Amino acid sequence: MTSVTDDLRLAAEFAPASYEDWRKLVDGVLKGAAFEKLVTKTYDGLKIDPIYPRAKGATPVAGRAAAMPWQIMQRIDHPDAVMANTQALHDLQNGATGLSLVFAGANGAHGFGLEPAAQAIDKVLDGVFIDAGISIELQVGPQWRMAALHIAEHVKRRGLSPAACNIRFGIDPIGAAAVWGSSACTWPEIVPAVTGAIKGLAASGFKGPFAVADGRVVHGAGGSEVQELAFVLATGVAYLRALEGAGVALEDAQGMIYARLGADADQFLTLAKFRALRLLWARIEQACGLAPKPIFIAAETAWRMLTQRDAYVNMLRATMATFAAGLGGANAITVLPHTQAVGLPDPFARRVARNTQLVLLEESDLAKVSDPAAGSGGIETLTQQLCEAAWRLFQEIESTGGVFAALEQSLIQRQAAATRALREANIAKRKEVLTGATEFPNLHEADVAVLTAKPVALAPSAAAKLTFDAMAPMRLAAPFEALRDRSDQALKDNGARPKIFLANLGTPADFTARATFAKSFFETGGIEAVDTQETDPAALAAAFKASGAALACLCSSDKIYALEASAAAAALQTIGAQYIYLAGRPGEQEAALRAAGVGEFIFAGGDALATLREAWRRMEAK
């Protein structure tokens, strides 16, 4: 009798397939094209192959224990302390296991944040049992000493045991200086302030960790994964050295420092980056003569990937980022609500941010397995590549005198700026896509709801002793969104958006693909596409005049262009088209098409942002 098990052994019916077998099939599809066409590279120049064998001898990266969920941190940044308290209590009652207190002026405040004052902190934490197992994390900027002091005093006033409170104090003057591009103190002056604060908190009974090496500084400024990892290593080492120099035993200092990384929608790079940091920090510990202990890694979904337009897509980006950070071993994750780039998130946006993590933990069981990517050929290779490249850059930073000296010399800033420029160029050419912003826009989307709040007015900072290039946070979609804002203003002022007329030539089979491309192309810049299907030049001219458009774009196949494009362009020019585009590469017909009136050709890989900006210039100069 045949068992069910025997019947289900379907794989036994297929011959084993090797890498060479796969390559033969791929080569057949490539039809002579180089295999390297399928190999991609990261912004650090790391190669990603299309297929990998199983990694041999791989062991899981020591980090968050199996079946140990990460902390679900909820961002608290409402400038009104009473409202912030209401949010905090609601979040804790509905699944959050920790609160990330974001103070005004912090690296990730983005225009809002709590007042760094004792009275405000008392109000924010009113009714919050911070000694009952929840986690508190501080996100602070130049006011790091005051925020840490006020939290410690709050614990004392409430008669709580500091040791019972799980507080990460977020002390990071290096990160604050990098973001602001200035420092009121030199590094030798900062060191005693940092170590004195940490030693005082530890002497009071707080467990820490106290100082954070914050990779969001580099990530938010558009830097690469290698640059972010190297900055975290160099910052962590700077705090370790400072503590050791202040008389703190390295074994104790080891637990006083934690890391924070940005997590974005690139699943594989994000996952590998978190794994790489654990391996790199263990190497630092070994170099210090310490027995490696898994460093606490906090994650926050990336600011730079957020879009103001089609903001609901940010929910999907946040889900992928959280998924990758969670599988990569993050100990705590903060999800930026999907409307964060628009304004202060309302209860719905906060609920979605919280539930994103709850679904992944409670319904998808992502925390059940420790380091589930272990043994994956692709992830293991990428992790190792990141480790090697980040270690080299870390050594370069160290050779300049450490991270603070590297900031003073703008070494880190220059490298991050170069990467940012490459990212911006790829976004401008739509080689990298931000759905809803740089591709597939919706000009008729409804506004998302955000709260109205007055930001905290901070007291003037002390005069800067040092100034250098700042690493301000950026969003990749912002240049395209600026054009959409102009379109919205035009709609408000004139009752209509600027338009482009799509002259669709031939049959739908001829023009649909390029008309779809052209519509998305121009509407990402807020220029509304109005189309027609008129082959006769006179009818085409009449349809253009009726459309109210200033610009026109011919859309069809190369075959139809050869037959009809010149006559169509001439008719549009005669009727008053201010400028004429053609969707597609011109090829051998370029001279004839330009002679007929076509001014520019739009195609995949062209600089869409430059073309759209020039289109606006032409329309506004009319």
Side-chain angles (χ1 to χ4, degrees), residues 110-112 303-317 336-346 348-349 352 424 427-430 432-455 472-502 515-531 544 546-553 577-579 581 600 602 607-622:
H110 307 306
F112 297 102
W303 168 255
R304 78 183 185 201
M305 73 178 178
L306 294 183
T307 62
Q308 293 176 340
R309 302 295 173 158
D310 214 351
Y312 294 108
V313 180
N314 291 328
M315 297 180 187
L316 305 179
R317 297 185 181 104
L336 295 183
H338 66 280
T339 58
Q340 191 76 51
V342 181
L344 196 62
D346 70 350
F348 171 72
V352 172
E424 290 175 332
I427 290 291
K429 295 178 181 180
R430 305 201 302 176
E432 286 191 19
V433 172
L434 289 167
T435 303
T438 68
E439 193 78 85
F440 310 116
N442 177 12
L443 286 186
H444 309 290
E445 65 180 296
D447 293 337
V448 293
V450 292
L451 301 179
T452 301
K454 183 179 180 181
M474 53 85 75
R475 289 187 307 103
L476 294 166
F480 282 88
E481 290 171 346
L483 299 179
R484 294 283 297 274
D485 291 343
R486 290 165 75 175
S487 178
D488 288 348
Q489 189 63 46
L491 176 62
K492 182 179 179 181
D493 294 342
N494 308 319
R497 299 183 188 278
K499 295 182 176 64
I500 187 165
F501 178 77
L502 302 186
T516 301
F517 170 82
K519 176 180 173 64
S520 177
F521 183 99
F522 286 103
E523 291 193 348
T524 58
I527 303 172
E528 186 173 3
V530 180
D531 62 1
F544 170 78
S547 72
L551 310 175
C553 182
Q578 186 178 346
Y579 200 76
Y581 300 85
E600 192 167 351
I602 62 170
D607 194 330
L609 185 60
T611 298
L612 292 168
R613 284 172 170 167
E614 184 63 16
W616 272 96
R617 187 197 64 77
R618 291 191 178 97
M619 291 186 295
E620 291 176 341
K622 181 179 178 182

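Source: prediction; values computed, not measured.
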Chemist: Ignoring hydrogens, what is the shortest heavy-atom contact between Asp310 and Glu445? Give both atom names and the distance.
Modeler: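 In this case the closest contact between Asp310 and Glu445 is N-OE1, 2.8 Å.
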
Chemist: Between Trp303 and His110, what is the ring plane arrangement, given parallel below 30°, perpendicular above 60°, and tilted in between?
Modeler: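 Answer is parallel, since the angle falls under 30°.
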
Chemist: Which is it for Glu481 and Arg484 under the salt bridge (charged side-chain N to carboxylate O under 4.0 Å, His left out) test, yes or no, and what are the steps along the way?
Modeler: CA-CA 5 Å; Glu481 290 171 346; Arg484 294 283 297 274; over 6 Å; no

Chemist: Does any N or O in the side chain of Asn314 come within less than 3.5 Å of the main-chain N or O of Thr307, such that one atom is a donor and the other an acceptor?
Modeler: yes

Chemist: Can you give me the closest heavy-atom contact between Leu306 and Arg475, atom names plus distance?
Modeler: O-NH1, 3.2 Å

Chemist: Quick one: CG on Leu502 to CG on Leu551, what's the gap to the nearest 0.5 Å?
Modeler: 10.5 Å

Chemist: How about Tyr581 and Phe522: are their ring centres within less than 6.0 Å of each other?
Modeler: yes

Chemist: Return the minimal non-hydrogen interatomic distance between Glu523 and Ala529, and the atom names on each side.
Modeler: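 Taking every non-hydrogen atom into account, OE2-N, 3.0 Å.
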
Chemist: Provide the closest heavy-atom pair for Ile500 versus Cys553 in the form atom of the first, atom of the second, distance.
Modeler: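 Heavy atoms of Ile500 and Cys553 come nearest at CD1-CB, 3.9 Å.
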
Chemist: Is there a side-chain contact between Leu612 and Phe480, using heavy atoms and a 4.5 Å cut-off?
Modeler: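 Leu612 reaches Phe480 side chain to side chain.
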
Chemist: So, taking the atom named CG in Asp447 and the one named CG in Asp488, what distance separates them when rounded to the nearest 0.5 Å?
Modeler: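 Separation between the atoms: 7.5 Å.
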
Chemist: If we check side chain to side chain donor-acceptor pair (under 3.5 Å) with Arg309, which of these qualifies: Thr438, Asn442, Asp485, Thr524?
Modeler: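 Answer after filtering Thr438, Asn442, Asp485, Thr524: Asp485.
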
Chemist: Quick check: closest heavy atoms across Trp616 and Gly525, and the distance to 0.1 Å?
Modeler: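 Looks like NE1-O, 2.8 Å.
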
Chemist: Begin with the C-alpha distance, continue with both residues' side-chain angles, and end with the deciding distance and a verdict on side chain to side chain contact (heavy atoms under 4.5 Å, CB included) for Arg317 and Leu434.
Modeler: CA-CA 10 Å; Arg317 297 185 181 104; Leu434 289 167; 4.1 Å; yes

Chemist: Rounded to the nearest 0.5 Å, what separates atom NZ in Lys499 from atom CD1 in Ile527?
Modeler: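 Answer for the NZ-CD1 pair, Lys499 versus Ile527, is 12.0 Å.
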
Chemist: What closest approach, in Å, do Gly111 and Pro455 show between heavy atoms, and which atom pair accounts for it?
Modeler: O-CB, 3.5 Å

Chemist: By the definition salt bridge (charged side-chain N to carboxylate O under 4.0 Å, His left out), identify the one residue from Arg430, Lys429, Lys519 that meets it with Glu439.
Modeler: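 Considering Arg430, Lys429, Lys519, a salt bridge (charged side-chain N to carboxylate O under 4.0 Å, His left out) with Glu439 is found only for Arg430.
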
